[in-house]
Amino acid sequence: MTGTKEEREANRKAFSKMSSSEKVDYIFTYYKLPIFTAVVAVLVLGSTLYRNITKKDVVLYTAYANVVVGETLDEKLTTEYLQYADKNPKREEILVYRDLYISEDATGDDHQYAYASKLKTLGAISAKQLDLVLMNEEAYDLMSTSGLLMDLNYIQQENPSLYTQLEPFLLTNTVILDDNSIEFSLGEADEYEATTEEAVNGIDASTFPVFRSAGIEEGLCIAIIANSPHPEEDISYIDYLMNYAE
């Protein structure tokens, strides 16, 4: 309240004589900006504190591509793994990219969906926010040729006993190292040419009990993304899916 001492005293006396509704109207009229600022500051502070308190650490990023994962199976692939790995579900989580559709042959609305899924997948990989993908054979072939998948010799180096268990289920696929796809699409090359190699970069998980009990019988693959931010957790998760989840 500004003015001389006498003016301030006069204002206080006048304010004290006002009715309750007049006082509210007076405060709102002359002090609404600082009140509004204070309220916004409190709300922002509260929201920030809430996010910090409830924020969970991501222990693993997974994705479901071209596969239908029901609620029960999803629970086994997320919450039950956290319990198996002695994680705290209140503070830690598995972040899942669900319902992705990866295809080169999609048309119409499916084409738009496939394009959006491709962008989402590549964006997650670029940001190092994708570890493992559960997918069908079509998606596996496309991700392999694009060079997005990790060579699973990594598991052999880190966990030889698990690799021995996995050997009957390991998949070998083509990886394109270099090609002239741009020149060919622009008509600057008469033939498509590519330099490729074969890599062990997938796991046939169709016979794993956790998937058989969910009604998935064939064509289900698991692969690790080449730049996975949690490679050690990847191995633990695959071990869980193969040997412990039911």
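Residues: numbered from 1 along the sequence shown.
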> Hey, quick one: are Met135 and Val69 part of the same hydrophobic cluster, counting side-chain heavy atoms closer than 4.5 Å, chains of contacts allowed?
no

> Kindly say whether His230 contributes a backbone atom to a donor-acceptor pair with the side chain of Asp131 at under 3.5 angstrom?
yes

> Among Ile224, Ile222, Leu152, which residue satisfies the side-chain contact (heavy atoms from CB on, under 4.5 Å) criterion with Asp234?
Ile224

> Identify the two heavy atoms, one from Ser161 and one from Asn159, that lie closest to each other, and give their separation to 0.1 Å.
OG-OD1, 2.9 Å

> Apply side-chain contact (heavy atoms from CB on, under 4.5 Å) to the pair Leu95 and Gln129, showing each step before the final yes or no.
CA-CA 9 Å; Leu95 193 153; Gln129 293 180 349; over 6 Å; no

> About how many Å separate CG of Leu162 and CD1 of Ile238, when rounded to the nearest 0.5 Å?
7.0 Å

> Please check if Phe169 and Tyr154 belong to a single hydrophobic cluster, counting links between Ile, Leu, Val, Met, Phe, Trp and Tyr side chain heavy atoms closer than 4.5 Å.
yes

> Using modelled atom types only, decide if a donor and an acceptor are shared between the side chain of Thr164 and the backbone of Pro160 within a distance under 3.5 Å.
yes

> Walk me through whether Phe208 and Ile216 qualify under side-chain contact (heavy atoms from CB on, under 4.5 Å).
CA-CA 9 Å; Phe208 289 8; Ile216 300 176; over 6 Å; no

> Go through Glu138 and Asp141 one step at a time and tell me if the side-chain contact (heavy atoms from CB on, under 4.5 Å) criterion holds.
CA-CA 5 Å; Glu138 179 186 13; Asp141 288 341; 5.8 Å; no

> Rounded at 0.5 Å granularity, tell me how far CD1 in Ile155 sits from CD in Gln165.
11.0 Å

> Given the rule that I, L, V, M, F, W and Y join up when any side-chain heavy atoms are under 4.5 Å apart, are Leu166 and Ile235 in one cluster?
yes

> Keeping Ser144 on the side-chain end and Thr174 on the backbone end, is there a donor-acceptor pair under 3.5 Å?
yes

> Working to the nearest 0.5 angstrom, can you tell me the gap between Asp105 CG and His111 NE2?
11.5 Å

> Taking Met242 as the starting point, is it possible to reach Leu171 by hopping between hydrophobic residues whose side chains are less than 4.5 Å apart?
no

> Within this structure, what is the OH-CD distance for the pair Tyr163 and Glu158, rounded to the nearest 0.5 Å?
13.5 Å

> Looking at CG of Leu77 and CG of Leu82, how far apart are the two atoms once the value is rounded to the nearest 0.5 Å?
11.0 Å

> Kindly write out the residues that satisfy side chain to side chain contact (heavy atoms under 4.5 Å, CB included) with Thr121, not counting sequence neighbours, or none if the list is empty.
Leu100, Ile102, Ile125, Leu130, Met143

> Quick check on Glu137: does its CD atom have over 12 non-hydrogen neighbours (other residues, nucleotides or ligands) under 6.0 Å away?
no

> With distance as the sole test, does Ser126 use its side chain to make a donor-acceptor pair with the main-chain N or O of Leu122 at under 3.5 Å?
no

> Leu73 and Ala214: which non-hydrogen atoms are nearest, and at how many Å?
CD2-CB, 3.9 Å

> Which atom names give the shortest non-hydrogen contact between Ile94 and Tyr81, and what distance separates them?
CD1-CD2, 3.6 Å

> Determine whether Tyr64 and Asp74 satisfy the following criterion, side-chain contact (heavy atoms from CB on, under 4.5 Å), listing intermediate values before the conclusion.
CA-CA 10 Å; Tyr64 307 151; Asp74 186 71; 2.8 Å; yes

> What closest approach, in Å, do Ser206 and Leu220 show between heavy atoms, and which atom pair accounts for it?
OG-N, 3.0 Å

> Under the 3.5 angstrom rule, does the side chain of Lys128 hit a backbone N or O of Asn227 as a donor-acceptor pair?
no

> Say whether, by atom type as modelled, one donor and one acceptor occur between the side chain of Glu92 and the main chain of Asn88 under 3.5 angstrom.
yes

> Spell out, yes or no, whether Leu241 and Tyr244 are grouped together once hydrophobic residues are joined by side-chain heavy atoms under 4.5 Å, including indirect joins.
yes

> Would you say the side-chain atoms of Glu246 and Ser213 include a donor-acceptor pair closer than 3.5 Å?
no

> Just wondering, do Tyr97 and Val133 contact through their side chains at under 4.5 Å, heavy atoms?
no

> Verify whether one side chain among Tyr140 and Asn201 offers a donor that lies under 3.5 Å from an acceptor in the other.
yes

> Can you find a pair of side-chain heavy atoms, one from Leu177 and one from Val175, that are under 4.5 Å apart?
yes

> Ignoring hydrogens, what is the shortest heavy-atom contact between Ser228 and Met150? Give both atom names and the distance.
CB-CE, 4.4 Å

> Parallel, tilted or perpendicular: which describes the rings of Tyr240 and Tyr237, with under 30° parallel and over 60° perpendicular?
tilted

> Is the CD atom of Glu232 crowded by more than 12 outside heavy atoms at less than 6.0 Å?
no

> Could you tell me the separation between the CD atom of Glu93 and the NZ atom of Lys87, rounded to the nearest 0.5 Å?
13.0 Å

> Between Asn153 (side chain) and Gln156 (backbone), is there a donor-acceptor pair under 3.5 Å?
no

> If I compare all heavy atoms of Leu134 with all of Val67, which pair ends up nearest, and what's the gap?
O-CG2, 3.7 Å

